[in-house]
Visitor: 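Before I ask anything, let me first share the structure, which is written out below as structure tokens.
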Amino acid sequence: MRAKNHLLGSLKAIVAGMDLQWPDKTTIEPPKDKQHGDMAANIAMVLAKQAHTSPRELAARIAGELQHDPRIANVDIAGPGFLNITFAADFWHSTIPAIEEAGPRFGSVEYGKGKRAQVEYVSANPTGPLHIGHGRGAAVGDSLTRVLRFAGYDVETEYYINDAGRQMYILGFSVLFRAKQLCGQNLPDPEDFYRGEYIKDIAAEVLKLHPDLMDMPEDDALPICRDYALNDILDGIRKDLADFNVEHQVWFSEKSLLAEGAVDKTFDRLREAGLAFEQDGALWFRTTDFGDDKDRVLKKSNGLLTYFASDIAYHDNKYDRGFDLCVDIWGADHHGYVPRMRAAVEALGKPKESFDVILVQLVNLLRGGEQVAMSTRAGTFDTLEEVVKEVGRDAARFMFLSRKSDSHLDFDLDLVKQQSMDNPVYYVQYAHARIASVLRKAEERGIAVPAKATPAILGALTGQDELDMLRLLDQFEDVVESAARQLAPHHISFYMQDVASALHRFYANNPVLNAGDNDVAAARLVLLKGVATVIRNGLDLLGVSAPESM
RNA sequence: GCGCCCGUAGCUCAGUUGGAUAGAGCGACGACCUCCUAAGUCGUAGGCCACAGGUUCGAUUCCUGUCGGGCGCACCA
């Protein structure tokens, strides 16, 4: 980020000095090929037309100006007119003091400063335990939250509890049904009910608390079963999430929303805007005005609300709480629902960009390459709790975050569990542990680890591996910013693998304690400390621990 | 039938405001521990970025079409 900002400032001054307008299409980025210097800028190419000259000629003029900068070692003109800039070593050296000064905040940026965001995720119906798919959504939502906070946003996290409506009735009904069976009644399986074993457990507990359950009228027994099941299942969900290092600050009840008449308020707003109309005895919302395929029903002709109706009211409520950005994380099978939700947000008068949905694709659970059948009846495990218990929290989270969220994920239990180089999480953690080990050894051997890096100490960092490392560390802030902008936390895990790879390479080729030179040892030690800080901060964004030893 | 997502190395996948000779890990083959953790490093092989057009200085990226895969198209939640 320092390299980019430095060039941005210099180039803007040069362009202004030429009486030209700064083009928004300018990119300043590290080139793919190291041969092309530290940073590459396309400024001459995007500015040539405006300057009435050829890209290469313009590049030559700009290069001439940049050469005056003592922090820049070299400027080349390449290809169609790229400027390839190489910084002086001491420019890169000051990356280390920057890391030391920021410490656990290094990598944070001000991209979202002053803006409030809400991330709503998991929000699984409280009718059963979380499964592995929910786990992926939990990892993505939690990590995204951390990334957005690091990028300057004020973020609140929320779990929307669908505790109203038909599925709650079915939940109560299912428990009561199992309770009847437990009491010896011989009943055929109903068509529509929750079949999981956990329902039987809940039924048994309800019976223990209410021995007279069977004597009650169903109108009394059903709510008892429903409420007990809801609380029990929600407790389980809370515990699973806590064990997964995932926190929701707000648990928002759909029932409470309905109770306060939010839906009617929202209907009124839509009517006032001329977007609601009656037809065939139902109340409709004209979502086609906002690009939806067809209009949608809000209130059915039987008088009941649709799920969509309360969802609009819910989002209305979110915006009333003052968020500049609302991010919903949904299972990808709900993608058809996105256009209508976008329509609703627009109809509520909110800017399009203030609402975003991240679709999380299904997780394909494997063991040793073979698909694990997703049958709860067969007792094969697919609950989040069991998966985390088997492979560990760090490995599971890293796996979920090492893929674009909207692509399918093969989750092979044997692979994720494996503590080897097949498993990227250990590769990254090992890099951190290695540094910690070197720092411990330094103390044992009485080699001083400088508390603070000074230019005199850093002057000993002249090797290619050392400068490459500094350049990579300087990119951390850029990675955080783009992950926040794209709502894509997986960028962090790919960057972490790059940093770990650079560290392992460095470690193999550059002795630190055995450098045979105190100045070199001191310089490399402060460099390693900087690397450790970046790895720690990056892993923290993923919610993965950074061990001191392995 | 309509809509959305996807198609990149043998496998799993990165690559987002369009940039240079398209990357990583695994797998395969071959090297490296008297030395700070070998859970590591280095090297080799592997590609018509599904296909065909278009836009321009330049396309894996943007547009159109075709093929192939996944998922949605309720007065369900």
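Chain identifiers are assigned alphabetically (A, B, ...) following the order of the sequence lines, protein sequences preceding nucleic acid strands; residue numbering begins at 1 within each chain.
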Visitor: Tell me yes or no: between the side chains of A:His36 and A:Asp76, is some donor less than 3.5 Å from an acceptor?
Guide: no

Visitor: Do A:Asp292 and A:Thr287 have a side chain donor and acceptor closer than 3.5 Å?
Guide: yes

Visitor: Among A:Leu362, A:Leu365, A:Val363, A:Asn364, find the one that has a side-chain contact (heavy atoms from CB on, under 4.5 Å) with A:Leu409.
Guide: A:Val363

Visitor: For nucleotides 2-12 of chain B, read 5' to 3', which letter fits each nucleotide if B means a protein heavy atom sits under 4.0 Å from the base, S means only the sugar-phosphate is that close, and - means neither?
Guide: -BB-------S

Visitor: Identify whether any heavy atom of A:Ala442 sits under 4.0 Å from a base atom; if not, whether one sits that close to sugar-phosphate; answer base, sugar-phosphate or nothing.
Guide: nothing

Visitor: Without hydrogens or angle criteria, can the side chains of A:Arg403 and A:His408 be said to hold a donor-acceptor pair below 3.5 Å?
Guide: no

Visitor: If we ignore angles and hydrogens, is there a donor and acceptor under 3.5 Å between the side chains of A:Asp295 and A:Thr288?
Guide: yes

Visitor: Name the closest nucleotide to the A:Phe494 side chain, picking from B:G19, B:A39, B:A14.
Guide: B:A14

Visitor: Between B:G18 and B:U60, how many Å separate the two C1' atoms, rounded to a whole number?
Guide: 10 Å

Visitor: Roughly how far apart, to the nearest Å, are B:C6 and B:G68 at atom C1'?
Guide: 11 Å

Visitor: Using the test side-chain contact (heavy atoms from CB on, under 4.5 Å), find all partners of A:Asp356 that sit at least two apart in sequence or belong to another chain.
Guide: A:Arg342, A:Leu487

Visitor: For A:Ala508 and for A:His36, locate the closest nucleotide of RNA chain B by heavy-atom distance; then report the residue assigned to the nucleotide nearer the 5' terminus.
Guide: A:His36

Visitor: Any side-chain N or O of A:His490 under 4.0 Å from OP1/OP2 of B:G15?
Guide: yes

Visitor: When you compare B:A59 with B:C49, how far apart are their C1' atoms, in angstrom units rounded to a whole number?
Guide: 11 Å

Visitor: Answer yes or no: does a side-chain N or O of A:Arg505 lie under 4.0 Å from OP1 or OP2 of B:C42?
Guide: yes

Visitor: Would you say A:Tyr507 reaches B:C35's phosphate, i.e. side-chain N/O to OP1/OP2 under 4.0 Å?
Guide: no

Visitor: Which whole number of Å gives the distance between the C1' atom of B:G70 and that of B:A50?
Guide: 16 Å

Visitor: Round to a whole Å and report the spacing from CG of A:Leu528 to C1' of B:C36.
Guide: 10 Å

Visitor: Let me have RNA chain B in dot-bracket notation, would you? Count Watson-Crick plus G-U wobble pairs, both distances under 3.5 Å, and use [ ] for pairs crossing earlier ones and | for inter-strand partners.
Guide: (((((.(..((((.....[...)))).(((((.......))))).....(((((..]....)))))).)))))....

Visitor: Taking CD from A:Gln497 and P from B:A39, how many angstroms apart are they, rounded to a whole number?
Guide: 18 Å

Visitor: Does the side chain of A:Ser310 reach to within under 4.5 Å of the side chain of A:Leu305, using non-hydrogen atoms?
Guide: no

Visitor: Can you tell me, in whole Å, how much space there is between the C1' of B:A74 and that of B:U16?
Guide: 35 Å

Visitor: Rounded to whole Å, please give me the gap between CD in A:Gln486 and P in B:A14.
Guide: 13 Å

Visitor: Mind checking if A:Asp192 touches a base, just sugar-phosphate, or nothing, with heavy atoms under 4.0 Å?
Guide: nothing

Visitor: Which atom pairs, donor and acceptor, lie under 3.5 Å between side-chain atoms of residues 162-173 of chain A and protein residues at least two apart or in another chain?
Guide:
from: A:Asn162; atom 1: ND2; to: A:Glu254; atom 2: OE1; distance (Å): 3.2
from: A:Asp163; atom 1: OD1; to: A:Ser253; atom 2: OG; distance (Å): 3.4
from: A:Asp163; atom 1: OD1; to: A:Glu254; atom 2: N; distance (Å): 3.1
from: A:Asp163; atom 1: OD1; to: A:Lys255; atom 2: N; distance (Å): 2.7
from: A:Asp163; atom 1: OD2; to: A:Ser253; atom 2: OG; distance (Å): 2.7
from: A:Arg166; atom 1: NH2; to: A:Asp192; atom 2: OD2; distance (Å): 3.0
from: A:Gln167; atom 1: NE2; to: A:Asn162; atom 2: O; distance (Å): 2.9

Visitor: What is the distance, to the nearest angstrom, from the CZ atom on A:Arg434 to the P atom on B:G40?
Guide: 8 Å

Visitor: Are B:G19 and A:Phe82 stacked, with the base six-membered ring and the side-chain ring centres under 5.5 Å apart and planes under 30°?
Guide: no

Visitor: Just to be sure I understand the rule, does A:Ser493 reach a base, reach only the sugar-phosphate, or reach nothing, if contact means heavy atoms closer than 4.0 Å?
Guide: nothing

Visitor: Tell me if a side-chain donor or acceptor on A:His432 pairs with a main-chain N or O of A:Val531 at a distance below 3.5 Å.
Guide: no

Visitor: Give A:Ser549 one of three labels, base, sugar-phosphate or nothing, depending on what nucleic acid heavy atoms sit under 4.0 Å from its own.
Guide: base

Visitor: Roughly how many Å is it from CD in A:Gln429 to P in B:G40, rounded to a whole number?
Guide: 13 Å

Visitor: Taking side-chain contact (heavy atoms from CB on, under 4.5 Å) as the test, write out the residues that go with A:Ala483, two or more places apart.
Guide: A:Val147, A:His491, A:Ile492

Visitor: Under 4.0 Å, counting only non-hydrogen atoms across every strand here, what does A:Ala40 touch: a base, just sugar-phosphate, or nothing?
Guide: base

Visitor: What distance, rounded to whole Å, do you find between the two C1' atoms, one in B:G7 and one in B:C71?
Guide: 15 Å

Visitor: CG of A:Asn510 versus C1' of B:U41: gap in Å, rounded?
Guide: 12 Å

Visitor: Taking the P atom of each, how far is B:A52 from B:U12, in whole Å?
Guide: 23 Å

Visitor: Mind checking the P distance from B:U64 to B:C2? Whole angstroms is fine.
Guide: 15 Å

Visitor: Syn or anti for B:C33, with syn set at within 90° of 0?
Guide: syn

Visitor: On the 0 to 90° scale, with breaks at 30° and 60°, tag the A:Tyr160-A:Phe252 ring pair as parallel, tilted or perpendicular.
Guide: tilted

Visitor: Would a distance-only check, ignoring hydrogens and angles, find a side-chain to backbone donor-acceptor pair under 3.5 Å from A:Ser143 to A:Val140?
Guide: no

Visitor: Go through the steps to decide whether A:Ile132 and A:Phe400 satisfy the test side-chain contact (heavy atoms from CB on, under 4.5 Å), and finish with yes or no.
Guide: CA-CA 10 Å; A:Ile132 186 169; A:Phe400 285 138; 3.7 Å; yes

Visitor: Figure out the CG/C1' separation between A:Leu362 and B:C71, and round it to whole Å.
Guide: 9 Å

Visitor: For RNA chain B, whose closest nucleotide is more 5', that of A:Ser405 or that of A:Ser437?
Guide: A:Ser405

Visitor: Round to the nearest Å and state the distance from A:Asp498 atom CG to B:C13 atom P.
Guide: 19 Å

Visitor: Under 3.5 Å between N/O atoms: give me all the protein pairs with nucleotides 74-77 of chain B, atom names plus distance.
Guide:
from: B:C75; atom 1: OP2; to: A:Lys294; atom 2: NZ; distance (Å): 3.3
from: B:C75; atom 1: O2; to: A:Ser301; atom 2: N; distance (Å): 2.6
from: B:C75; atom 1: O2; to: A:Ser301; atom 2: OG; distance (Å): 2.8
from: B:C75; atom 1: N3; to: A:Ser301; atom 2: OG; distance (Å): 3.2
from: B:C75; atom 1: N4; to: A:Asp280; atom 2: O; distance (Å): 3.0
from: B:C76; atom 1: OP2; to: A:Lys300; atom 2: NZ; distance (Å): 2.5
from: B:A77; atom 1: OP1; to: A:Lys300; atom 2: NZ; distance (Å): 3.1
from: B:A77; atom 1: OP2; to: A:Tyr307; atom 2: N; distance (Å): 3.2
from: B:A77; atom 1: O3'; to: A:Gln167; atom 2: OE1; distance (Å): 2.5
from: B:A77; atom 1: O2'; to: A:Gln167; atom 2: OE1; distance (Å): 2.4

Visitor: Angle between ring planes, A:Phe150 versus A:Phe476, binned at 30° and 60°: parallel, tilted or perpendicular?
Guide: tilted

